[in-house]
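Have a look at the structure below before the remarks.
Note that these values count all heavy atoms, side chains included, but never hydrogens, waters or copies made by symmetry.
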Amino acid sequence: MLTVAALAVSGFTALSSVARAADADLAKNGGFEAGLDSWSCSANSGTTVKSPVHGGSSALQATPAGNDYAQCAQTVTVKPDSQYSLAGYVRGSYVYLGASGTGTTDVSTWTQSAPDWQRLTTSFRTGPSTTKVTIYTHGWYATGAYYADDLSLTGPAVDVGQPPTTPTGLAVGTITSSSVALSWSAVTGVTSYAIYRDGVKVQTASGTSATVSGLSAATAYSFQVTAVNDAGESAKSTAVTATTSTGSGPSTGLPTHALVGYLHASFANGSGYTRLADVPDSWDVIDLAFGEPTSATSGDIRFNRCPVSECANVESDADFKAAIKAKQAAGKKVLISIGGANGQVQLTTTAARDTFVSSVSNIIDTYGLDGLDIDFEGHSLTLDASDTNFKSPTTPVVVNLIAALKTLKAKYGSKFVLSMAPETFFVQMGYQFYGTGKFGGQDPRCGAYLPVIYALRDDLTLLHVQDYNSGPIMGLDNQYHTMGGADFHIAMTDMLLTGFPVAGDTNNVFPALRPDQIAIGMPASVNAGNGYVAPAEVTKTLDCLTKKVSCGSYATHGTWPTLRGLMTWSINWDRYSNWEFQKTFDGYFS
């Protein structure tokens with residue numbers, strides 16, 4: 001009996017060893033040595049860092065922002081009705097580690113404070129039909145960056161077969177100044193395809209075609225594609241090359257490099273009133289501020305010139321119109337700017353849309369203007385919760401504005417100048433967040449200008465985002481950039497000239513605009529708005545973007561010598577500051 005018992009114990013031990021040997025670490029790239037490969041981080045919140053690390057040479061750093069708590073996750077193939085252990089090392093405040101989709105009880109564990117690396121562990125059993133679970137780590141709202149490293153999911157391995165074969169037949173399709181269309185032959189047994197640009201994975205596709213956007217004009221690129229399944233990724237295909245078109249837009253009548261400024265035409269403030277005839281010839285585009293609505297939703301725009309009681313030196317209507325003609329004769333463009341901080345415009349109905357078109361046309365015709373500037377701020381543009389795709393918007397205020405601008409452009413023809421001056425919150429913030437977000441709770445105005453810019457991209461003369469009065473914005477380096485130096489302007493402008501995935505979706509990329517469409521918006525002086533930078537910082541900005549020198553820590557994705565120029569708020573404030581902004585522009589581009 002003792003012999004039998006001994007054999008039984010021995011047999012049990014042997015069977016346990018076999019069971020343990022069958023267990024494996026199923027988490028891919030749990031040490032983040034391959035960057036974020038296999039991981040997806042919400043709102044582009046994650047990156048990899050070289051310090052601090054727990055093991056190896058890299059670790060995850062993820063930063064909660066706004067209503068996003070920086071979840072980084074991957075989906076893992078598992079066996080049904082099996083036991084798994086999840087573990088990892090974390091560092092920071094309020095760091096969570098968990099698993100969802102287990103088919104039984106989803107689990108998570110967390111630490112309130114980990115000033116140094118702390119190991120978190122939890123376990124779960126899969127349901128009888130569960131074949132995939134999602135493992136994740138995340139922080140919490142407004143608690144700062146957290147770190148994670150050496151994450152593992154240990155349990156019974158699944159025979160997922162072999163990685164797919166390498167795709168063949170990669171070919172180039174339609175090429176524009178900012179995008180290249182690709183197609184390839186299908187591979188059996190794949191879950192997705194990965195597209196590489198110059199050796200770096202830039203997006204994924206579920207089918208056998210994709211368009212890579214956000215490219216620079218007149219630039220050569222190399223592309224490859226791989227096939228992916230649960231077993232891994234194939235080798236890269238044979239490379240193909242494509243050169244984007246030059247992207248020269250329609251003739252605008254503007255000089256190669258232009259100086260744009262807003263002229264206080266309907267009000268006075270501490271800067272004093274400046275007559276249009278007294279604006280120096282350096283200013284190539286003059287935006288008359290502002291045309292405002294009779295009510296927020298009427299669509300009825302009125303341009304009321306500053307009264308004598310407020311602007312003692314205001315010129316007569318006749319002299320004002322004569323000054324417009326003189327500027328135009330000198331090759332300058334004079335536009336009516338609609339909106340401003342106090343001019344909320346919400347085209348909620350088609351009736352408001354039509355009134356907008358007729359009332360703006362009346363202003364343009366009355367004064368013989370060259371075009372229109374859209375300076376919608378505040379709550380003028382907002383996205384409905386169901387409106388999630390900037391390429392096909394459904395929100396009435398957005399759809400009606402697009403239709404109104406297209407109507408005006410069609411009415412006045414190719415020489416009609418159309419410009420926009422959104423705030424960073426409505427454009428570059430769209431890299432992280434778009435509208436209310438997939439789970440709700442975000443500001444519905446976030447990224448709300450993107451569908452308007454996208455729809456009018458072929459009609460848009462100038463986009464000059466207000467790089468001022470802005471909070472920190474995440475750039476394409478996944479780092480936050482703050483006003484006050486060249487770095488902010490470089491990062492914000494690079495996003496427009498490179499393009500970016502909206503709300504972190506690499507399959508939904510806001511395409512790059514042409515450099516001749518971009519002017520950088522800056523305050524003219526410390527009195528004009530938050531975010532003023534000294535002339536030396538303006539020069540650094542231009543050097544980096546047009547020559548790729550003096551770039552500092554931010555690495556741009558191209559060089560754009562045909563960048564159109566600079567915009568400022570305002571001509572009046574620049575005059576108040578002895579024309580410092582104008583002199584900087586003239587000195588650089590002379």
Side-chain angles (χ1 to χ4, degrees), residues 252-269 271-292 301 303-306 311 313-340 343 360 363-375 408 412 415-421 460-466 516-525 528-529 564-577 579-586 589:
T252 61
L254 294 175
T256 302
H257 301 294
L259 180 61
V260 182
Y262 286 81
L263 183 69
H264 308 175
S266 61
F267 62 94
N269 59 15
S271 64
Y273 183 82
T274 299
R275 292 188 177 206
L276 180 56
D278 295 334
V279 175
D281 287 342
S282 294
W283 300 89
D284 301 294
V285 180
I286 301 168
D287 293 323
L288 304 177
F290 288 106
E292 298 181 354
I301 308 299
F303 175 50
N304 299 311
R305 299 190 55 239
C306 192
C311 302
N313 61 325
V314 65
E315 65 270 62
S316 67
D317 279 352
D319 286 344
F320 188 73
K321 291 177 181 178
I324 292 173
K325 290 184 180 295
K327 290 295 181 186
Q328 292 168 333
K332 313 304 178 184
K333 305 296 181 183
V334 185
L335 316 181
I336 179 65
S337 181
I338 307 297
V360 170
I363 296 170
I364 292 171
D365 295 342
T366 298
Y367 291 95
L369 302 176
D370 297 287
L372 170 67
D373 173 69
I374 298 297
D375 186 13
L408 288 166
Y412 290 103
K415 293 185 179 181
F416 183 76
V417 178
L418 176 63
S419 66
M420 299 181 192
L460 185 63
T461 311
L462 286 173
L463 177 69
H464 30 66
V465 176
Q466 301 177 35
D516 65 274
Q517 290 178 296
I518 302 299
I520 308 171
M522 302 177 173
S525 70
R564 183 64 74 179
L566 301 176
M567 174 276 279
T568 195
W569 177 265
S570 63
I571 294 173
N572 303 63
W573 279 118
D574 198 37
R575 181 185 184 185
Y576 184 85
S577 299
W579 304 112
E580 178 187 85
F581 194 85
Q582 173 197 306
K583 291 174 181 175
T584 301
F585 176 88
D586 288 344
F589 288 113

Quiz item: Less than 4.5 Å apart, any side-chain heavy atom of Leu254 and any of Leu462?
Solution: yes
Exercise. Please report the closest heavy-atom contact between Leu276 and Ile286, naming both atoms and the distance.
Key: CD1-CD1, 3.9 Å
Quiz item: Can a donor-acceptor pair be found between the side chains of Asp373 and Ser419 at a distance below 3.5 Å?
Solution: yes
Quiz prompt | Glu580 side chain vs Ser525 backbone, donor-acceptor pair below 3.5 Å | solution = no
Practice problem: Side-chain contact test, heavy atoms from C-beta onward, threshold under 4.5 Å: evaluate it for Ile571 versus Tyr576 and give yes or no. | Solution: no
Quiz item: Which atom pair, heavy atoms only, marks the closest approach of Phe303 to Ala265?
Solution: CZ-CB, 3.9 Å
Self-check item: CD1-CG distance between Ile520 and Leu463, expressed to the nearest 0.5 angstrom
Solution: 11.5 Å
Quiz item: Quick check: are there more than 12 heavy atoms from other residues, nucleotides or ligands sitting under 6.0 Å from NZ of Lys325?
Solution: no
Exercise. Report the C-alpha separation of Leu369 and Leu288 in whole Å, then their side-chain angles, then the decisive distance to 0.1 Å, and conclude whether the side chain to side chain contact (heavy atoms under 4.5 Å, CB included) test is met.
Key: CA-CA 10 Å; Leu369 302 176; Leu288 304 177; 4.0 Å; yes
Self-check item: Side-chain heavy atoms of Asn269 within contact of Trp573, under 4.5 Å
Solution: yes
Self-check item: Shortest non-hydrogen contact from His264 toward Asn572
Solution: N-OD1, 2.8 Å
Quiz item: Within a radius of less than 6.0 Å around CZ of Phe416, do more than 12 heavy atoms belonging to other residues, nucleotides or ligands occur?
Solution: yes
Quiz item: Between Arg305 (side chain) and Glu315 (backbone), is there a donor-acceptor pair under 3.5 Å?
Solution: yes
Exercise. Taking the side chain as every heavy atom from C-beta outward, state whether Gln582 and Trp283 have any pair of such atoms under 4.5 Å apart.
Key: yes
Quiz item: From Arg275 CZ over to Asp319 CG, what is the distance, rounded to the nearest 0.5 angstrom?
Solution: 6.5 Å
Quiz prompt | Minimum side-chain heavy-atom gap Lys321-Thr366 below 4.5 Å | solution = yes
Quiz item: What's the shortest heavy-atom distance between Gly368 and Ile324, and which atoms?
Solution: O-CG2, 4.1 Å
Exercise. Would you tell me whether Asp365 and Tyr412 have side-chain atoms, one donor and one acceptor, within less than 3.5 Å of each other?
Key: yes
Quiz prompt | Side-chain touch Lys327/Val279, heavy atoms, less than 4.5 angstrom | solution = yes
Practice problem: Give a yes or no answer on whether the side chain of Asn313 reaches the backbone of Tyr273 with a donor-acceptor pair at less than 3.5 Å. | Solution: yes
Quiz item: If only atom types and distance count, is the side chain of Ser337 paired as donor or acceptor with the main-chain N or O of Phe290 below 3.5 Å?
Solution: no
Self-check item: Straight-line distance of Asp370 CG to Lys415 NZ, nearest 0.5 Å
Solution: 10.5 Å
Quiz item: What orientation do Tyr367 and Phe320 show, parallel under 30°, tilted 30 to 60°, or perpendicular over 60°?
Solution: perpendicular
Self-check item: Heavy-atom donor-acceptor pair, Asp287 side chain to Leu335 backbone, under 3.5 Å
Solution: no
Self-check item: Donor-acceptor contact below 3.5 Å, side chain Thr568 vs main chain Met522
Solution: yes
Practice problem: State, to 0.1 Å, how close Tyr262 and Ala421 come at their nearest heavy-atom pair, and which atoms those are. | Solution: OH-CB, 3.1 Å
Exercise. In sequence, state the C-alpha distance, the side-chain angles, and the governing distance for Val285 and Met567, and then conclude on side chain to side chain contact (heavy atoms under 4.5 Å, CB included).
Key: CA-CA 9 Å; Val285 180; Met567 174 276 279; over 6 Å; no
Quiz item: Ala268 and Cys306: which non-hydrogen atoms are nearest, and at how many Å?
Solution: N-SG, 4.0 Å
Quiz item: So do Phe581 and Leu259 actually touch side chain to side chain, heavy atoms under 4.5 Å?
Solution: yes
Quiz item: Just how far is it from atom OG1 of Thr584 to atom CG of Leu566, taken to the nearest 0.5 Å?
Solution: 8.5 Å
Practice problem: Can you measure from CH2 (Trp569) to OG (Ser271) and round to the nearest 0.5 angstrom? | Solution: 8.0 Å
Quiz item: Within a strict 4.5 Å, meaning less than it, do heavy atoms of the Ile518 and Arg564 side chains meet?
Solution: no
Practice problem: Step by step, work out the side chain to side chain contact (heavy atoms under 4.5 Å, CB included) result for Ile374 and Met420. | Solution: CA-CA 5 Å; Ile374 298 297; Met420 299 181 192; 4.2 Å; yes
